[in-house]
Amino acid sequence: MTQSITIARPDDWHLHLRDGAGLASVLPHTAREFGRAIVMPNLKPPVTNVTLAGEYRDRIMAALPAGMSFQPLMTLYLTDNTTPEDIVAAKNSGFVHGVKLYPAGATTNSDAGCTNVNNVLPAIEKMAEVSLPFLVHGEVVDAEIDIFDREAVFIDRVMLPLLAKFPNLKVVFEHITTKDAADFVLSSADNVAATVTAHHLLMNRNAMLVGGIRPHLYCLPVLKRELHRKALVEAVTSGSKKFFLGTDSAPHAKGAKETSCGCAGMYTAHAALPLYAEVFDLAGKLDQLEAFASLNGPAFYGLPVSSEKVTLVKESWVVPAEYQFADSVVVPLRAGELVQWKLV
Ligand SMILES: NC(=O)N[C@@H](CC(=O)O)C(=O)O
Ligand SMILES: [Zn+2]
Ligand SMILES: [Zn+2]
């Protein structure tokens, strides 16, 4: 008999939907699986205030195909100029659910990001006061720090001092990739949580670099050693409520990846839940998938768990070589290869 699992409809707590025709291309993949998603604000120009967030939300809803249900949870992009008033307006909007830190220069479309969190302490203090989660791309950008160490160094240089200043600040350490970050989150108070991608649970850096360089497996934070991947799998399957699903699905046109200086980001929305099911299945912990995918995130964000259900079956399928992405194509994770689970 085919193995299957039914869980409450999950949410994606870290997603890049882009804008315009690209948004229309990728949104159905997410809305098919997830009831809600935290939509990242790193557009060009970035979503820096509640007016822009409201307009972006309207464009997302307009791009949603008839008959699909999906709720975008909007975020603000923190800059050196974000004010406490911006934070209050975001909280009062009811549709902004977090504020995102992109250390300037750390990742795709982070140029407008924060050059030093100490420049925006009044805004961060206000987030703690009104209980608006601070969503953090946790990597330092200093040229002298090795790219494989940037997340671990961020904990000491930014996370710890910030939490010492604001012990009640709700922090989501986004897309964690190291044992250091998993241990840090586990040892922190309940107001500190983390998202984990499917790709960092499934692959280590060999996947990207052995036998040829694979630009579609390049993302930030970059894939790490096997010991880190194992620590992440242990963390998400441990029963801790501090870890929840965040795909970081980040589409880029094929040509922007297959070039001499390729963009960071993997596209995983086409098979997100099945990829996570593979991880939990391989670990012998399918019984923990629902907490990670559908329960822990809503609990942290103070939102209700979905009353809908989704079912996955263990039935392999071949991922297409590419999907339409605006006037180009995006190469999805596992292009031309098998995924072991399937959404019914
Ligand atoms: N993860 C990535 O490699 N890229 C993301 C940005 C981000 O989440 O850092 C993107 O927007 O392309
Ligand atoms: Zn990031
Ligand atoms: Zn991201």
Side-chain angles (χ1 to χ4, degrees), residues 11-20 22-23 25-27 30 34 37-47 56 72-78 97-114 117 133-141 147-148 150-151 154-155 158-159 171-178 181 194-203 205 207-208 214-224 232 244-259 261-269 272 297 325-326 328 330-333:
D11 307 294
D12 185 348
W13 300 98
H14 184 134
L15 176 67
H16 300 274
L17 282 175
R18 312 305 191 202
D19 209 346
L23 162 65
S25 305
V26 299
L27 180 60
T30 289
F34 299 104
I38 283 280
V39 180
M40 289 299 164
N42 60 332
L43 304 180
K44 277 186 202 164
V47 181
Y56 186 26
L73 308 173
M74 309 310 292
T75 58
L76 292 195
Y77 185 116
L78 187 75
H97 294 266
V99 177
K100 183 69 193 283
L101 171 67
Y102 290 102
T107 188
T108 304
N109 296 347
S110 63
D111 302 348
C114 203
V117 289
F134 193 31
L135 319 181
V136 176
H137 180 110
E139 288 192 291
V140 296
V141 296
I147 191 161
F148 291 100
R150 289 181 172 195
E151 183 173 282
F154 186 90
I155 297 169
V158 185
M159 279 291 199
V171 174
V172 183
F173 202 155
E174 298 291 343
H175 48 41
I176 61 167
T177 62
T178 56
T195 54
V196 191
T197 76
H199 46 279
H200 289 101
L201 291 166
L202 287 163
M203 293 178 287
R205 63 197 198 181
M208 176 180 59
R214 292 178 174 72
H216 297 289
L217 301 186
Y218 172 64
C219 67
L220 288 168
V222 71
L223 293 172
K224 303 294 193 302
L232 297 176
F244 36 85
L245 186 160
T247 63
D248 194 18
S249 180
H252 290 277
K254 184 177 178 177
K257 301 268 308 166
E258 296 179 7
T259 176
C261 184
C263 294
M266 291 189 212
Y267 186 66
T268 56
F325 181 54
S328 176
V330 59
V331 177
L333 191 69

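Counting convention: from 1, in listed order, for ligands and their atoms alike. Computed from heavy atoms alone, side chains included, the values below leave out hydrogens, waters and symmetry copies. Computed from a predicted model, the values in this text were never measured in an experiment.
Judged purely by distance below 3.5 Å, without hydrogens or angles, the side chains of Asp12 and Thr247 pair a donor atom with an acceptor atom.
In terms of modelled atom types and a separation under 3.5 Å, the side chain of Arg150 and the main chain of Pro221 share no donor-acceptor contact. Thr195 places no side-chain N or O within 3.5 Å of a backbone atom of Gly246 that could act as its donor or acceptor partner. With hydrogens and angles ignored, the 3.5 Å screen pairs no side-chain donor or acceptor of Tyr102 with any backbone N or O of His137. Checked by atom type and distance alone, the side chain of Asp248 never pairs as donor or acceptor with a backbone atom of His14 at under 3.5 Å.
The set of protein atoms (N, O or S) found at less than 2.8 Å from the Zn ion (ligand 3) reads His14 NE2, His16 NE2, Asp248 OD1, by chain and number.
Within the model, atoms OG1 of Thr75 and NZ of Lys100 stand 7.5 Å from one another, a figure rounded to the nearest 0.5 Å.
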Could you list, one pair per line, each nitrogen or oxygen of ligand 1 together with any protein nitrogen or oxygen closer than 3.5 Å, giving atom names and the distance rounded to 0.1 Å?
from     : atom 1 : to     : atom 2 : distance (Å)
ligand 1 : 1 (N)  : Leu220 : O      : 2.9
ligand 1 : 1 (N)  : Asp248 : OD2    : 2.7
ligand 1 : 3 (O)  : Leu220 : N      : 2.8
ligand 1 : 3 (O)  : Ala264 : O      : 3.3
ligand 1 : 3 (O)  : Gly265 : N      : 3.1
ligand 1 : 4 (N)  : Ala264 : O      : 3.2
ligand 1 : 8 (O)  : His16  : NE2    : 3.1
ligand 1 : 8 (O)  : Asp248 : OD1    : 3.1
ligand 1 : 9 (O)  : Thr107 : OG1    : 2.7
ligand 1 : 9 (O)  : His137 : ND1    : 3.1
ligand 1 : 11 (O) : His16  : ND1    : 3.3
ligand 1 : 11 (O) : Arg18  : NH1    : 2.9
ligand 1 : 11 (O) : Arg18  : NH2    : 3.4
ligand 1 : 11 (O) : Asn42  : ND2    : 2.8
ligand 1 : 12 (O) : Arg18  : NH2    : 2.8
ligand 1 : 12 (O) : Thr108 : OG1    : 3.2
ligand 1 : 12 (O) : His252 : NE2    : 2.9
ligand 1 : 12 (O) : Ala264 : O      : 3.2

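Glu151 is linked by a side chain to side chain donor-acceptor pair (under 3.5 Å) to Thr177, Thr178, counting only residues two or more places apart in sequence or in another chain. With sequence neighbours left out, the side-chain contact (heavy atoms from CB on, under 4.5 Å) criterion links Cys219 to His199, His200, Met266.
Between Val99 and Phe134, the closest heavy-atom pair is O-CD1, 3.4 Å.
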